[in-house]
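Below is one structure, written out as structure tokens; comments come after it.
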Amino acid sequence: HVVAAAALSLFRDPPAPGAGGAHAQPASLTESQRRAHLRTSLGLTAASTVLPGVGLLGAKPIGLKLLGALTSLATLGGLGYLAYRALTDPNILGAVANPAYLPVVSGAAIAIGLVWVLLILVTHLATRPQGLSGGKRLVSAMLVTSLTFLVAAPTAVGARYASDASAALNTAMKKREDITANGQVTLAPPEVAVDPWQDVPRLNIPLLGADGNKGREQMVAQYGIRTD
């Protein structure tokens, strides 16, 4: 809340003459009006949980409205771009699973989660009514905490999975230049050639394929061809 309050202060409009501040409300505000404003504030906070920043469109300061519009449009644009790439680029899933990109995915998930949580807190602080009783403040704080957890938990888990997957792939799939011989001594051929299959009436030979098709050019260039 301290970080959110500091960020909120940067977008507050200057107080009007004779007013108690940008968020000052009439002294005659009734309890029913406070309840109505609180419900609106919680609804806007929930909206910012669904779409980052959209609840700030209901805030009074122009700066917060612009911030809400920018973050909402950026989120929708990013989701639209990812959906377009997923439908048009068959290699997008392979690129996401590339160990070189997974640390970026992990860091991006953490950054998105932090910004999203901050937007939820700022939305609530910017839109909640003044003069709430201790009980209403406690209930609203519990609800906002639950909403931030709904956002923070999945992004944290996604970041952890991406980090673990990157570590596992880097261990299991070494680069071509990192692969060395196992050091076993090469056996000299026997002096007298012996057919090891002379007493075997039937010999089964497995045929191994390879995954070096055009759809995996990037992986082949980095790790080489893997047998199936």
Side-chain angles (χ1 to χ4, degrees), residues 1-16 19-25 34 36-89 92-93 95-96 98 100-130 132 137 140-163:
H1 281 253
V2 174
V3 177
L8 178 59
S9 65
L10 299 177
F11 293 93
R12 283 179 176 165
D13 292 332
H23 300 285
Q25 298 177 2
R34 285 195 182 91
H37 289 175
L38 179 59
R39 286 194 295 269
T40 301
S41 173
L42 294 178
L44 293 172
T45 304
S48 285
T49 307
V50 177
L51 181 62
V54 70
L56 291 175
L57 297 176
K60 291 182 179 181
I62 299 299
L64 289 179
K65 288 181 181 290
L66 292 176
L67 177 63
L70 289 175
T71 53
S72 301
L73 291 176
T75 302
L76 292 176
L79 292 175
Y81 174 76
L82 291 177
Y84 171 78
R85 289 294 303 274
L87 293 175
T88 58
D89 188 357
I92 186 65
L93 295 179
V96 172
N98 192 321
Y101 296 151
L102 286 175
V104 178
V105 174
S106 179
I110 294 174
I112 290 172
L114 291 176
V115 172
W116 201 341
V117 167
L118 183 61
L119 289 172
I120 295 172
L121 295 176
V122 171
T123 300
H124 179 66
L125 294 177
T127 58
R128 73 179 182 184
Q130 303 297 318
L132 292 175
R137 284 178 176 272
S140 61
M142 293 175 61
L143 179 58
V144 173
T145 301
S146 300
L147 293 176
T148 56
F149 179 78
L150 289 177
V151 170
T155 53
V157 171
R160 177 62 185 273
Y161 282 173
S163 178

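When reading the values below, keep in mind they use all heavy atoms of this one structure, side chains included, and skip hydrogens, waters and symmetry mates. Please read these numbers as outputs of a predicted model, since none were measured by experiment.
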So, for Ala159 and Ile110, which heavy atoms are closest and what is the spacing to 0.1 Å? CB-CG1, 3.6 Å
Is His37 close to Thr127 at the side-chain level, that is, under 4.5 Å between some pair of heavy atoms? no
Residues passing the side chain to side chain contact (heavy atoms under 4.5 Å, CB included) test with Thr71, sequence neighbours excluded, are Leu67, Leu119
Considering non-hydrogen atoms only, spot the tightest contact between Ala126 and Ala59 and give its length. CB-CB, 4.2 Å
Partners passing side chain to side chain contact (heavy atoms under 4.5 Å, CB included) against Ile112 (at least two apart in sequence or in another chain): Trp116
Pairing residues for Leu66 by the side chain to side chain contact (heavy atoms under 4.5 Å, CB included) criterion, not counting sequence neighbours: Ile62
Test of understanding: with side chain to side chain contact (heavy atoms under 4.5 Å, CB included), list the residues that count as partners of Arg137, not counting sequence neighbours. Arg128, Leu132
Side chain to side chain donor-acceptor pair (under 3.5 Å) partners for Thr45, two or more places apart: none
Kindly say whether Leu44 contributes a backbone atom to a donor-acceptor pair with the side chain of Thr123 at under 3.5 angstrom? no
To the nearest 0.5 Å, what is the distance between OG1 on Thr148 and CG on Leu118? 11.5 Å
Mind listing the closest non-hydrogen atom pair of Val105 and Ala162 along with its distance? CG1-CB, 4.2 Å
Which of these passes side-chain contact (heavy atoms from CB on, under 4.5 Å) with Val151: Leu114, Val50, Val115, Thr49? Thr49
Partner set under side chain to side chain donor-acceptor pair (under 3.5 Å) for Arg160, not counting sequence neighbours: Asp164
